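Computed from a predicted model, the values in this text were never measured in an experiment.
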Amino acid sequence: MSTATTLSASIRPTTLLAPLGVWLVLAVLAIANGIFREVLIIPRFGEYPGHVASTAMLVTVILVVSWLFFGWTGVGYTRAELIVIGLVWVVLTVGFEFLVGYVEGTPVSVTLGQYNVLAGQVWIVVPIALFVAPLLFGR
């Protein structure tokens, strides 16, 4: 049996529905985090410290919500399902980010620039946390 066949055989599509709901909760919390950053954190601490603090807060939220969800659910997720959940969360998040940027008229280069670690950007830890959280807490 090929690796692709083994992987698809170990993924039960119905087990992916609840994690989609969790992603929606995370998306709402991320939007609230962004509002909090723009209204309270950046005016008090500045742009870059506000960005770093907001990113750290969002990563904490992702980890806590994931820990609560996977601790609460009675579903025994396979490793393949946890990988797919993480990938779906990342794709939805990055896709949402680019969609919002497009609607706001933000150039793609600016959105991509948020991932430039060499320029001091820390946002990359958000998709990393989204990918890793199911693997950390779902076993």
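Trp123 is linked by a side-chain hydrogen bond (donor to acceptor under 3.5 Å, both in side chains) to Glu97, Tyr115, counting only residues two or more places apart in sequence or in another chain. Under the side-chain contact (heavy atoms from CB on, under 4.5 Å) criterion, Thr15 pairs with Arg12, Val75, Tyr77, Glu81, not counting sequence neighbours. Ala53 pairs by the side-chain contact (heavy atoms from CB on, under 4.5 Å) definition with Ile41, not counting sequence neighbours. Scored by the side-chain hydrogen bond (donor to acceptor under 3.5 Å, both in side chains) test, Ser66 finds no partners at all (sequence neighbours excluded). Val110 pairs by the side-chain contact (heavy atoms from CB on, under 4.5 Å) definition with Thr106, Pro107, not counting sequence neighbours. Contacts of Val39 classified as side-chain contact (heavy atoms from CB on, under 4.5 Å), with partners at least two apart in sequence or in another chain: Ile35.
Separation of atoms CG (Leu24) and CG (Leu92) is listed at 8.5 Å; rounding is to 0.5 Å. Rounded to the nearest 0.5 Å, atoms CD1 (Ile11) and CD1 (Ile85) are 9.5 Å apart. Taken from CG in Asn116 to OG in Ser109, the straight-line distance is 11.5 Å, to the nearest 0.5 Å.
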(request) Please assess Leu40 against Phe45 for the test side chain to side chain contact (heavy atoms under 4.5 Å, CB included), listing each intermediate value before the final yes or no. (result) CA-CA 9 Å; Leu40 293 173; Phe45 301 103; over 6 Å; no
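Leu26 and Val61 make their closest contact through CD2-O, 4.2 Å (heavy atoms, listed as atom of the first residue, atom of the second, distance). Annotation for Pro127 and Ile124: closest pair CD-O, 3.2 Å, computed over non-hydrogen atoms. The shortest non-hydrogen separation linking Thr78 to Ser10 is OG1-O, 2.8 Å.
The hydrophobic clustering, which links ILVMFWY residues whose side-chain heavy atoms are closer than 4.5 Å, places Val88 and Leu99 apart. Trp72 and Leu63 fall within the same hydrophobic cluster, where Ile, Leu, Val, Met, Phe, Trp and Tyr residues are linked whenever their side-chain heavy atoms come under 4.5 Å apart, directly or through other members. Grouping the Ile, Leu, Val, Met, Phe, Trp and Tyr side chains by contacts below 4.5 angstrom, directly or via other members, places Leu112 apart from Tyr102. Transitive grouping of hydrophobic side chains (ILVMFWY, heavy atoms separated by less than 4.5 Å) keeps Met57 and Val28 in distinct clusters. Linking Ile, Leu, Val, Met, Phe, Trp and Tyr whenever their side-chain heavy atoms come within less than 4.5 Å leaves Val91 and Leu82 in two separate clusters.
In the hydrophobic clustering (ILVMFWY side chains linked at under 4.5 Å, chained through shared members), Val52 is joined by Tyr48, Val122.
For the pair Ile128 and Val90, the minimum side-chain heavy-atom distance is 4.5 Å or more.
Under the 3.5 Å distance criterion, with hydrogens and angles disregarded, a donor-acceptor pair is assigned to the side chains of His51 and Gln121.
No option in Leu29, Leu130, Val22 other than Leu130 meets the side chain to side chain contact (heavy atoms under 4.5 Å, CB included) test with Ile62.
Screening residues 19-42 for side chain to side chain donor-acceptor pair (under 3.5 Å) gives Trp23-Thr93, Asn33-Ser54, Arg37-Ser54 as the qualifying pairs, with residues at least two apart or on separate chains.
Proximity of a side-chain donor or acceptor of Trp89 to a complementary backbone N or O of Pro19 within less than 3.5 Å is detected.
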Counting only pairs under 3.5 Å, give me each side-chain donor-acceptor contact of residues 131-139, with atom names and distances, residues two or more places apart or in other chains.
none

